[in-house]
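The block underneath contains the structure these notes are about, expressed in C-alpha cells.
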Amino acid sequence: MTSKPYRLGESFGHAIDRSRRVNFSFDGKQMPGYAGDTLASAVMANGQRVFGRSFKYHRPRGVVGLGSEEMNALVGVGEGSRHEPNLRATQVELHDGLVAVSQNRWPSLSFDIGSINNTLSRFFPGGFYYKTFMWPQKFWMSVYEPFIRRAAGLGKAPDGCDPDTYEHIHAHCDVLVVGGGVAGLAAAEAAAASGARVIICDENPQFGGWADIADGTIDGVAQSEWAQAKVQRLSEAENVHVLSRTTCVGHWQHNSLILFERVADHDPALLARGTPRHRLWKVRARQVILATGSIERPIAFANNDRPGIMLAGAARAFLTRYGVAPGSSGLVFTNNDDAYQTALALKQAGIQVRVVDSRSHVDSQLPTTARKAGIEIMAGSAIAAVESSFGGLDVTGVKVAPYRKGSGRVITETRIECDFIAMSGGFNPALHIWCHTGGKIRFDEALQSFRPDTHHDRIAAVGAANGTLALGGALNEAYAVGEAAGKAALPKSKAARPKVPKALQEVQQALESLWFSPATGKYNEGNKHFIDFQNDVTAADLELAQREGYESVEHTKRYTTFGMATDQGKTSNLNGLGVLAEATGKTIPQIGITTFRPPYTPFSFGSVAGPMTRQLFLPIRRTPIYEWHKSQAAQFEPIGQWRRAYTYPKPAEEKQASIAREILAVRNSVGLLDASTLGKIEIKGPDAAALLDRVYSNMFSTLKIGRCRYGLMMNELGFLIDDGVTVRLGEDHFLMHTTSGGADRVSAWLEEWLQTEWTDYKVFVTPVTEQWAQFAIAGPKARDVLRRLDPDFELSNEAFPHLSMKEGHLGRYPVRVFRISFSGELSYEVAVPANLGRGLWDEILTAGQDFGITVYGTEALHVLRAEKGYIVIGDETDGTVTPVDVGLDGLVSKKKSDFIGKRSLEQSFLKRTDRKQLVGLLTEDPSEVLPDGAYAVQEVKDKPPMEMIGQVTSSYFSPTLQRSIAMALIQSGRARMGETLSFPLDGKVVKAKIVDQVFYDKEGAQLNG
Amino acid sequence: MLIVHCPVCGAEGDETDFHAAGEAHIRRPATLDPEHISDEQQRDYLFMRRNPKGLHFERWRCDRGCGKWFHAARDTATMEFKAFYLATELPPRELMEQATGEWVTFFKDKLKAAKTK
Amino acid sequence: MKTRYSVFSLARNALNYHKDWERAWRSPAPKAEYDAIIVGAGGHGLATAYYLAKNHKMTNIAVVEKGWLGGGNTGRNTTIIRSNYLQDPSIAIYELARSLYENLSQELNYNVMFSARGVVMLCQTEHELRAFKRTAHANRLAGLDCRMITAAEVKQIVPIINDSPNCRYPILGAYYQPRGGTGRHDAVAWGYARGADSMGVDIIQNCEVTGIRRNGGAVSGIETTRGFIKSKKIAVVTAGHVSTIMQMAGVRMPIESQCLQALVSEPIKPVIDCVVMANTVHGYMSQSDKGELVIGGGTDPYNNYSQRGSFPALEHTVTALVETFPIISRLRMLRMWGGIVDMTGDRSPIIGKTDVEGLFVNCGWGTGGFKAIPGSGFVFADTIANDRPHPIAEPFGMNRFAEGRFIDESVAAAVAH
Amino acid sequence: MAELQYESALKGREASGLSIRLREIAERGMIDLRGFASDRKFMNAAKEILGVDLPKQPRTSNTWGEMRAFWLSTDQWLIICPRSKMAELLTALRKRLQGIHALAVDVSDMRSVLRLEGDGAREVLLKGCSLDLLSDEYSPGTVRRMRFAEIAALLHVVEEDMFDVYVFRSYAEYAWDFICATARPEAELRLFGKQDLAAS
C-alpha cells in the first residue's frame, strides 16, 4: 500500500477545517484527521484503502460510494455499551477520540483466514447451501449451521444496556421536502413563498447534495454558493423547519412519513450532556416533494470490487470536499459525460488520469474540454481485467479492450498502470420512498433506469429523483412543483411566486447502457463481475439462477441474495436487472423490479422505542392506596395494567404463611381489601333496565331499588366474559360493577350496543371506575368495625340485609356501602371518592385495630372465594366456557326472549351434555395440592398419549379446611359426582374425588350473619 | 398509518386515535326475530365476512374524540378512504353502486328501495 | 428424477463452472385437463401437490399461481416452527408438521435448514404462567417434548434477555419446546416445488385464476389468464386471497384478510440462538443464519390487501423487544414488510371439503401457517385424494362454525404464531 | 373521627429543572353531564343551573366565572367548578333535570390534572401526542380528547402557552414521569421559525 500523502493542498477540501485537527483510531491504529472529515475521508487521507471484508468470500474492500449508498466500507464505531456495528464510513462524522474497527475479518484486516472462501469461491455459487450440508443429517445443527452462523453476520452487537436516550416528536406540515440538494431547496423555497408550513430534511450534515461537485452556475454563481444562500434563508423563515442529519426512512399511507434524525451521534459532548441520541419524527404532510437525487451505478467488470475502485462522483467528492486523493494515477471508466468532471478535477489536482468510455463516439462539451486539458480518452473501450497486488489489497493496473455491446470474450487488450479507478455506469433516481406505498414507476430509455410515474397519494418527485438530471430542467421542475404544492395546501394564499433563477450548464451527451464489461477469458471462469458487492453476488450467480429456473426476479434475488445486503441494493438492483435482461434477451421492464421496502436506510431500534422504555415502557395503574401497600412491603401482581397487592408478608414471613394468615383473619375476625380496581359504570335512562336485560344472562328489570344482584355476561358466542354485582340506584338508574380487567372493555361494549344495535334505547352510560376507592371489610367482625367507624350508620340485618346498598356518610366521609360478599363472610364494600380513599383507609385500620383487622391481598381473596366455590372469570373460564358449563344455569334466564349469547347456547356443540362441567375436587391425600391446569385422564397409561377428560381450574391449600381443595372442568363432571379421577403428573399420579364445588358454609350462614 | 376522519365530531387523526372494528352493515338476527334463527344464520352473523379486495365498508369508533361509532368506506388495496358516514346510515349511493363481490348482492335491494323513494 | 444435490454434485459442477445444473422445476404450459388443480403455489399448495403425487400417485395435477411460487406468506414469515399448542386438534396437526420438518431436507434432497434451536415462550404475568402450565400438562400427556423452565434457565438459554426483576413485565419463567425452531422459508417452497415437479406435477406460474366454473353442485374447471383448464377437483390454497377466489365459486368464507408485518435488523454476529416469544408484550425474535435478527408481532386491526402494514403496529412490536432485549436498542432495522394473513373467527385453520362437490379449501392459517406446511399438505392431499377429510383434518372443517365447535388457541396465548 | 384527609394522586410531586413548568392542579370539582344537545329542555336546564351554556361546537369550552363547560361529545360535557361548590351544584342539577333524559355524575376524583406552562410547552406535548398543536385550531379554550404517550387524556388549551392535561387518576404518575422525561432541557426544541444550521 502506497505511503505517499493522500491529503491534497489547501485549494482542495472545502468541507474540512485544517485548523481543527482531530485524532481517532481505526483498528487500534491512531490516526489524525480534520474536523469536517468523514471516517472514510480521514482513513483514506492516511493512505489506508481497505475498510472491511465482504460477506461471503471475505474479499478486501474499500470505499466505493459517498454516503448512504456505501456497501463496502462498513465499520463498528464506539466501545462497550455505546458500540454500533455496520456503520457506513462515508456517513460517520469524525470527532476527536472516535474509535472505529473494521468487521468480518479474523485475525486482521490485511490477513483474513476467511478469505480462503475466496480461493474456494467456485464451490460456493449462488444458493449453494440449498444443495449441500444435508448429510449426515445430524451434522446440520451440530457442524454446518454453527459454522455458517459464525461466518455470517458482519459486525458485533454492543454489550450492556444502551446509556443514551431517544425520543419521538409529531409534526404536521403543508409540504414536506425530502432531500436538500439544489432541487429540494428550490422546491422548498417555492412552497414556503405561499406561506405554507414547510419541513425540509437532508440525511447529510450539510445541505446542497451534489452542488459542490457539479458543474454549471445558477444566476451566475456556483451551485454550492447558491445552495448555501438558499438554505440560510430557509433556516431563518418563520414557516420553515430545516432538518439536517435527518433521513426520511419511509412513506406510509395518507402521507404519513417517518424521519430519523441523528441528533447527537456526531458530538460525544452532546451525548454526555444527555441530549437525545436520535429523534424519530412522525410527520403528516399535506403534500410531499421528493428531491432525493440519484445514485450512481457501478459497472460490472472483472474484479470490479478491488480497493481503490470507486464511483466517479465519490472520487470527485473526496477530492473537492475533503482534499483526499483517491490515488496517484487513475482511470475513469464511464458510459456517460458526468464522469468527465471527475477526470477534470483529478487532472486539476495534478493526478494522472485517463478516461475509458464505452461509447464509440464522445464529442460533447465535457469530453472536448477534457481532451483540451490533455486527458487521454479511450472511446469505444472497456476494462477487461483488473490487476492487483497480493491478496487483492490494491489495484496495480488494468487491461483495456475494445468494447462491443453483447460480445462475450475479449481478443485484444492494452495494459495500463493505475492505482485507482473511478467508474460511472449512469444514475438511478432514488425511487425508494416513492415506491413505499405503491407508487408506479416506468423505465426511461435515456436514463436506462426507472423513474417515477404515477402515485395515488399527494406526492411528487423533482430533479434527479424524477430523472431530471440537467440543472435547468431540475430548477424549473422544482419551482413549479413547489409552488403547486404550496397552492394546494393554501389555495387562498396571495403570496408572490419567487422567480425561477437562470441556470447555465454544459449539455451532456446521452449515456449508453453498459451492464456487463467482457473480461479476459470466459467471464464466469475465475474472475468475478460483482453486482452486489457486500453479499458477493456476481453476474455469473444471477445467470446461473436463471438457468436453474429461478426466473422471477424475486426468485433470483432470494436465491442469490442480490439486493439484500445492508444497502438494500441501492447500487446493485439495476445492474442486476441489466445483467438478467442481457442473459435472457428480455428487456429490463420485462424482468421487472423487486419491491422497495422501508426503511430507505437502516435506523436504530432505540429511536423506534423512543422514550417508551424502562418505567415508561407501559403505564402502571395505581390505586389510591398504592403507596400504603408499598409501605407494607406488599408483593404486587399485575392485573391488566393495574398493580394489585398479592399478599403482605410480615418481616421473615413466608409468602404462603402470610396468605394463610390473611385468610384466617377474614374467617375468624375481620379483613380489609383494597378493591378499588373493580370496574364501576353508571347506567341511566328509561331503557336502562332493558339494556341490562340484554347484556346480562339473568334478569335485572325485576331488581328492587337499593338492592344488588350478581350478573353474568356472555359474548355473542355464548361464552362467559365478565361478571359482577349491579345495584339499582333508582327506577331508571343502575350502578354496574365489572371485573378489574373488564372495566374499560365492558363500558365500551355497552356504548357499542347502544350506538350500533339498539339505537332506539334511551340510556346513558358513564364509566366511573376511578372516581371511587373501594374497600371490602369482610369477616364476622366486619359490622363491629363499621359501627366503631360511625355508630349512627344503620347496619342491622333488617335495615341493611345481604345484597343491598346504602348511600350516606361514615364519619365525615361520603360513602356508598354495598353489603356483598366474595369471601362468603359477612362483608361490606365501602366506596369513597378516590382522593378521600387513603384517609378513610387509615380510619378503618384504626377502627379495626381492636378487632385485629388484617389487610389481605388478591391471593387470599382467591382462596376465600374458592372455598365458597365462586368462579373467577379467567380462572374457571378461558373464553370457551358457558354459564351452563360452570353450573350457573340458574342465572340463564328462560323468560327473556333475547340477550347477548342466548342464541349461541342453542348451537349443537354448546348443548352437548358431555361438555366439560365445573366440579369440586378433593385429593385423596389432603396435603396434596393439585397443580393448576393439571389434566385428568380417562385411563392412566404407562406412557403418553393419554385421553384427557378435563383440567384443574383453581387449586389451593385451604387454611380454613386444613386441606387441599380444587375446582376443575371435567367432561360430564356433574354426572360423575363421587367418582375418583387420576391426574398423571411428572413421575406420579394424583387421585382426586369429584365433589360439589362449595367447600365452605354451604347454607350461607356466615354471609347472612 | 391511516388518517381517519370522524363524521360525527369532525375530528381527524391517526388510526391509533380510532378503533377499527371490522365489517359494517352486519345485522344481528336475534334483535330482529330471536325465535327463528337457524344455526347457519347465526354462523353467518358471527363469522362469515365479505372481505373484498377493493372497496370495503367497515365500522370505526372515534376512540380519542367524541367516542361515537361510525362507518367508513375504504379501498383495502390502496387503503384510501372513500367516505365516512354515520353508524345508522348506508353508504353514499355512488359507493353502493361501485361496490363489488359480496357487497353487490347486499346493496341491490337497498339501491332499489332508494330508487322507489 | 433429477440429479441429486450433494457436496459431490456441487464439486462436479464447480469444476465445470456450474454450466450443467438442470432447472429446479420446469415452466410448463397448462394442459387442457388435470385430475386435480391446486390454486396457489405457496408452501401449503406445493406441499399438497407433492404429497398428492408421492403418497397418492396423483401426478396428472397442476399448481396454478398468480405470481411466482412461494411469493406469498411462505416467503414473508418469520419461519417459527413449533407444535406446543393447547387444543388436541392443533397439537395433532402442528406436531405432524414439525416431525415432518425434522427430515424434510433429506426427503426433498433440498436443504430447508430446519434447525431445532428451541422455542422459548416467556411467561410475564401470573396469568400467563398459569395458562402455559396448563398447556404444559396437556402437551406432556399428548406426548410432546416440552417443559416449563425457570427465569434462571431462560437467562441461560437467552443471555441477552432483560432479567431485571423490577422491569415492567419481569420474566417469571417460560414454556420451552427444545425441538421447535426455524427453517429457511424459501427453501421449503422451492424444495416442495422441485420435488413435485420431478414427479410430473405442472407448476404454472404467472397464471391468475379469474373464475371457477361450476355445473350445478360440482366444479368443472377454472378460468385463468392462460385459458380454461378442466378439472373435477379444485383445491384452493390462497391464504389472504381465499375469500376472493372462493367467491368465484359462490362460496362465502369466515375469513378476514389483514396485514401481518415482520422485519429484520442488519446482520450481526450471533447473539440469540433460539426463538423467543413474548406474548404479553406482542413480540418475538430469532436470529437467521445470515445474522439478521428476525422480528415479528401482531396484525394491523383492519382488512388490508396491500402487503404494506402500518407503522404503529410495528412500533409496538419493536418497543416491546427493545424492553425485552435492551442491547438491540443500538442495532438498526434493515427491512420491514407485510404479508396478507387469513384470519378465521377462532384463529384456527380451515381444511376440508365445501358444499360444492370437488371444491376443497385449505386456509385460515393466519399468523402461524409456515410451521404447519408439511402437515397441512400431507392431510390435505389425503383429503383431496380420498374425497373425505383426513382424521387430523376433520376437526378443522368449516361446519364447526355453525356448530359452535371452535378450536380457540387464544385461550393459551395472546398471540399464536 | 378525624377531619377529612384529601390526597390527590400527585400530592407532593414537584418538577424542577425542566424546560417548562409542570405542576398538578388539585381540589377541582368535576361533573360528567350527559344529555342530548338537541333537547332544548335539557340545554336550558343545564344553563339555568350552571350559568353557562353547554358548548355545542366540538372541541370547544365555555367559561363563566369559575364555571367551565368542556365539550366531550355530542351528548357529553365535563363541568369544571371549585371543589367546594361541586356537591350543591350536582344536587341542583339532578333536581332540575328530573324528568329529562340526562345523567349527571360526580367525577371530581376520577381524573388528575397536569398543568404545563411556558414557551415550548406545545413541543413537549407533541412528543406524546399526534395533534396539530401548532395550528390555529388549538387556540385558548380548545378542549380535545387525545392519545398521550400510551394513555387516554383530555387536553385543555388554557392560554397560548398554558395547557391542562387531564388523565385518569391511576395514570397520573405515568403521565407525570413521561412529561418529566420529554421536557428535559437537553431535549428542548422548537418547531419552525429560526433554526441553527449544523456547523461544518
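The sequence lines fix the lettering, A, B, ..., with proteins before strands; numbering per chain opens at 1.
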Max heavy-atom pairs within cutoff under 4.5 Å with chain C, candidates B/Ser38, B/Pro52, B/Ala21, goes to B/Pro52
If one checks every heavy atom of B/Arg74 against chain C at 4.5 Å, the contacting part turns out to be side chain
Run the salt-bridge test on B/Asp44 and C/Arg252 with the 4.0 Å N-O cut-off and return the result as yes or no. no
Could you tell me whether B/Glu80 atom CD has more than 12 heavy atoms of other residues or ligands within 6.0 Å of it? yes
Once you round to the nearest 0.5 Å, how far does CG of B/Leu86 lie from NZ of B/Lys68? 11.5 Å
Only heavy atoms, only distances under 4.5 angstrom. Which residues in residues 28-35 of chain B are near chain C? none
From C/Thr224 atom OG1 to C/Ile204 atom CD1, the distance as rounded to the nearest 0.5 Å: 8.0 Å
Strictly by modelled atom types, are C/Asn303 and C/Glu256 linked by a side-chain donor-acceptor pair under 3.5 Å? yes
Do any of residues 3-16 of chain B have a heavy atom less than 4.5 Å from a heavy atom of chain C, and if so, which, in residue order? B/Glu15, B/Thr16
For B/Arg27, is the CZ atom crowded, meaning more than 12 foreign heavy atoms sit under 6.0 Å from it? no
Give the ring-plane orientation class for C/His44 versus C/Trp365, where under 30° counts as parallel, over 60° as perpendicular and anything between as tilted. parallel
Tell me, side chain or backbone of B/Met79 under 4.5 Å from chain C's heavy atoms, or both, or neither? side chain
Could you go through residues 91-103 of chain B and list every donor-acceptor pair under 3.5 Å that involves a side-chain atom there, pairing it with any protein atom two or more places apart or in another chain?
| residue | atom | partner | partner atom | Å |
| --- | --- | --- | --- | --- |
| B/Arg93 | NE | B/Glu97 | OE2 | 2.9 |
| B/Trp103 | NE1 | B/His56 | ND1 | 3.2 |

Close side-chain approach of C/Thr324 to C/Tyr169, heavy-atom, < 4.5 Å: no
Only heavy atoms, only distances under 4.5 angstrom. Which residues in residues 309-322 of chain C are near chain B? C/Ser310, C/Phe311, C/Pro312
Output field: ring centroids C/Phe406/B/Phe47 closer than 6.0 Å: yes
Just checking, any donor-acceptor pair under 3.5 angstrom between side chains of C/Tyr305 and B/Asn51? yes
How many angstroms lie between NZ in B/Lys53 and CD1 in C/Ile245, if you round to the nearest 0.5 Å? 10.0 Å
Using atom types as modelled and distance alone, determine if a side-chain donor or acceptor of C/Ser257 lies under 3.5 Å from a backbone N or O of C/His241. no
Distance (rounded to the nearest 0.5 Å) between C/Ile255 CD1 and C/Met343 CE: 9.5 Å
